[in-house]
Visitor: 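Mind looking over this structure? Questions follow.
Here is how names work: the chains are called A, B, and so on, in the same order as the sequence lines, proteins then strands, and each is numbered from 1.
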2 protein chains.
Amino acid sequence: MARRSDRPTLRTIAEMTGLAVTTVSRALLDAPQIALETRQRVQRVAREIGYQPDRAARHLRTGRTNVISFVLDPHDELLGFSTSMISGLTRALRDTQYHLVITPHFAEAPTLDPIEYILRNRMADGVVFSRTEPKDPRVKLLMENDFPFVSHGRTDLGIEHAFVDYDNAAFARMAVERLVSKGRRRLALILPPDRFMFRRHLRDGFQEAVERAGVASELPGDINLDSDAADLYAWLTWRLRQPDPPDGMVCAGEVSALSLMAALSDQGLTVGSDFDLVVKQTSLLYDEVRPRIDAVYEDISQAGETLGKLLIRRIAGERPSALQFLQEPVPRFTDRGQGTRTAIGARQSA
Amino acid sequence: MARRSDRPTLRTIAEMTGLAVTTVSRALLDAPQIALETRQRVQRVAREIGYQPDRAARHLRTGRTNVISFVLDPHDELLGFSTSMISGLTRALRDTQYHLVITPHFAEAPTLDPIEYILRNRMADGVVFSRTEPKDPRVKLLMENDFPFVSHGRTDLGIEHAFVDYDNAAFARMAVERLVSKGRRRLALILPPDRFMFRRHLRDGFQEAVERAGVASELPGDINLDSDAADLYAWLTWRLRQPDPPDGMVCAGEVSALSLMAALSDQGLTVGSDFDLVVKQTSLLYDEVRPRIDAVYEDISQAGETLGKLLIRRIAGERPSALQFLQEPVPRFTDRGQGTRTAIGARQSA
DNA sequence: CTATCTATTTATAACGTTATAAATCCCATG
DNA sequence: CATGGGATTTATAACGTTATAAATAGATAG
């Protein structure tokens, strides 16, 4: 309480300059009705005493929270997906008035819960979430409420909305072409669970490239990218003993791919000679994994930064159709050598 | 603006019950001066219309933010360290009034910046940060301002403060004993950079165990846990060609250990027969990595949850000396087999 | 039946900000 | 020298909450 008084407010500045509180407020907001000379004087004083507007008071008065909410998916606990996302978001929000609040989504709860919470309590001015579904109820609800958001992932709702997505179809095509160029003739693709939109993109890209190349393919139904490591391991171990086992595989999950590699290795197969694998890489992990395997990079941190920037523009009123961004896959195939390795490292430390 | 009116406030309830706004406020706070019957009636109405107090208004009036701030370390971008931490924190904050705000710490800026920002602008009621230094200036500043915090990591300031830490000394001892039991006789330890407190704990535990076992040891000075993957790789490659190379190693970083394994593999050494490695594992990664190596588990998500719970108690006024917690290392050595694998998986999905 | 107490409710003000409307000032114009 | 008008400043009120002090009702005692 004693401490409360030492924090400068508009009143402090008003007393120092002999102006009214209202005038000081307008001056700091650079209102043209206030004389230029006055504005400059007030702003100088504010800077000198380190005045920072009180966010709560501002929120109360204006209704704006200056908060961006990120819905933390419970599934992202593995590896750095959310960290990269969050780190990218903070980069986008740097030097803006916006703060980043994490709204958790607990595993057992409906995906809609965190969104309803944000809407009902006016917790934020905008929201970011990931892992969209074709008929994503979150997108629908947010559109109905005309609430600003950018999703990580597209939908199939016939609605124009802001998104950042990775071109998973292009990734799958690229991966298939790579495997075919290495002489693989029976390819498998590990898909995400049914409900996700990016399952379609992956499957469509895969099918297209496989048909064009005229090689055999399969889409295992028992397991998916969210399966337990042990299940993935068990499935591949089993499959390799069946007739016509695949000789190449596309896997869009980093940790899942490790399980597959473990199964291959335990079955006595050597990746690179008996079998090939193309993985989607979102961390620096696969630069260090031996045997080296082909990877295609997805820059999650960059996606986070773009999500943040687009959301701010959306809040400012830009039309959603102008706020859509598709990330291109970046191949990091093994024969490219050391060069590309430093490329990522450099960006991340910058 | 039109929408603003449909959100229930104290006034809504006051009008519905015919009571004064003040009475409703006190009733919801369960003040004993309000008749029990009135309290119950008000609380029932509030529940029915889904009343939620406005955080900004409350903040403005009481000075409390109901916000916990987590300082996001720029170094945690790799793997899931921060995600696990954040996920644990959200678990601790669930069903409380507290929200989690991410305060970024950008790589080039002093560690003190985010703390000063929080203090100056009264951004939160408490703060969590990681990677403490022996004379950590953040701890000093927060203590001086009597501001609630819990650090992930201890300090050497001679001050009692709340912390959650991992027993890195015990980890190092455990790792050395494991390596010695496998017949290794020249051990190396990869240390964190000089400035961190946990460097001491690791080194002390390592030295103690090495001396007790009477084996040779070395502490490489050119590289550390924050070194680039390429530098770690280059160093070990070089070292293996020098006289008296180590035959066992302790590494407290997951990704760093992968670089070391890559170097070993590229030098034709097989982990498990020519060389042994004990790694500190904070994700499920090493369950899937081949060849299997010995790991000791650190549950970051659990640490996050504990940090959150202790911080809430600290804010409530408990003495710091009662809010200190040391996590015990959990060995996950290779000969334990499949059993322990499921143990972690089970906890994380629960 | 009045005075006094206790239990309960309420009015007032304030947190720091900004939108709206009103007030002041200064200068040019008739 | 009044008048009008533009430029600039200010008073008032409100956002939703809660702390403080004051008011009311009801009950008890004298």
Visitor: Tell me yes or no: between the side chains of A:Thr132 and A:Ser151, is some donor less than 3.5 Å from an acceptor?
Guide: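 The criterion, which ignores hydrogens and geometry beyond distance, is not satisfied for A:Ser151 and A:Thr132.
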
Visitor: Is the Lys NZ or Arg CZ of A:Arg138 less than 6.0 Å from the centre of A:Phe149's six-membered ring, within 45° of the axis?
Guide: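 Output no; distance or angle outside limits.
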
Visitor: Rounding to an integer number of Å, can you tell me how far B:Arg7 CZ sits from D:dG16 C1'?
Guide: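 It is 9 Å, rounded to the nearest whole Å.
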
Visitor: Taking only residues two or more places apart in sequence or in another chain, which ones pass side chain to side chain contact (heavy atoms under 4.5 Å, CB included) with A:Asp30?
Guide: A:Arg39, A:Gln43

Visitor: Could you please name the option among D:dT17, D:dT18, C:dT18 that lies closest to any side-chain atom of A:Leu10?
Guide: C:dT18

Visitor: In the 5'-to-3' direction, what one-character label does each nucleotide of nucleotides 4-12 of chain C receive under the scheme B = base within less than 4.0 Å of a protein heavy atom, S = sugar-phosphate only, - = no such atom?
Guide: ----BBBBB

Visitor: Less than 3.5 Å between a donor and an acceptor, one on the side chain of A:Arg61 and one on the base of C:dT17, is that the case here?
Guide: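 No such pair is found, so the answer is no.
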
Visitor: Are any of the side-chain nitrogens in A:Arg44 or A:Glu48 under 4.0 Å away from the carboxylate oxygens of its partner?
Guide: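 So A:Arg44 pairs with A:Glu48 through a salt bridge.
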
Visitor: Tell me whether the side-chain N/O atoms of B:Ser25 come closer than 4.0 Å to OP1 or OP2 in D:dT18.
Guide: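 B:Ser25 to D:dT18 OP1/OP2: side-chain N or O found under 4.0 Å.
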
Visitor: Among all residues two or more places apart in sequence or in another chain, which pass the salt bridge (charged side-chain N to carboxylate O under 4.0 Å, His left out) test with B:Glu305?
Guide: B:Arg91, B:Lys309

Visitor: Check the distance between C:dG16's P and B:His59's NE2 and give it to me in whole angstrom.
Guide: 10 Å

Visitor: Give a yes or no answer on whether the side chain of B:Arg55 reaches the backbone of A:Ala56 with a donor-acceptor pair at less than 3.5 Å.
Guide: no

Visitor: How many Å lie between CG on A:Leu60 and C1' on D:dT17, as a whole number?
Guide: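 Taking atom C1' of D:dT17 as the reference, CG of A:Leu60 is at 8 Å.
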
Visitor: What residues, two or more places apart in sequence or in another chain, satisfy ring-ring contact (aromatic ring centres under 6.0 Å, His included) together with A:Tyr117?
Guide: B:His99

Visitor: Is there a donor-acceptor pair under 3.5 Å between the side chain of B:Arg313 and the backbone N or O of B:Gly317?
Guide: no

Visitor: Rounding to an integer number of Å, can you tell me how far A:Asp54 CG sits from C:dA14 C1'?
Guide: 14 Å

Visitor: Suppose we screen for salt bridge (charged side-chain N to carboxylate O under 4.0 Å, His left out). Which residues come up paired with B:Arg11, at least two apart in sequence or across chains?
Guide: B:Glu15

Visitor: Using atom CG of B:Asp30 as one end and atom P of D:dT18 as the other, report the distance to the nearest whole Å.
Guide: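 That distance rounds to 13 Å.
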
Visitor: Report the distance from atom CG of A:Leu29 to atom C1' of C:dG16, rounded to the nearest whole Å.
Guide: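 Rounded to whole Å, this separation is 13 Å.
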
Visitor: Let me know the distance between CG of A:Asn66 and P of D:dC15, rounded to the nearest Å.
Guide: 20 Å

Visitor: Of all the choices, C:dG16, D:dT18, C:dT18, which nucleotide is nearest to the side chain of A:Thr9 once you look at every atom?
Guide: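 For the A:Thr9 side chain, the nearest candidate turns out to be C:dG16.
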
Visitor: Could you list, one pair per line, each protein nitrogen or oxygen that sits under 3.5 Å from a nitrogen or oxygen of nucleotides 22-27 of chain D, together with the distance?
Guide:
none

Visitor: Check the distance between D:dT8's P and A:Gln40's CD and give it to me in whole angstrom.
Guide: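 Going from CD in A:Gln40 over to P in D:dT8 covers 13 Å.
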
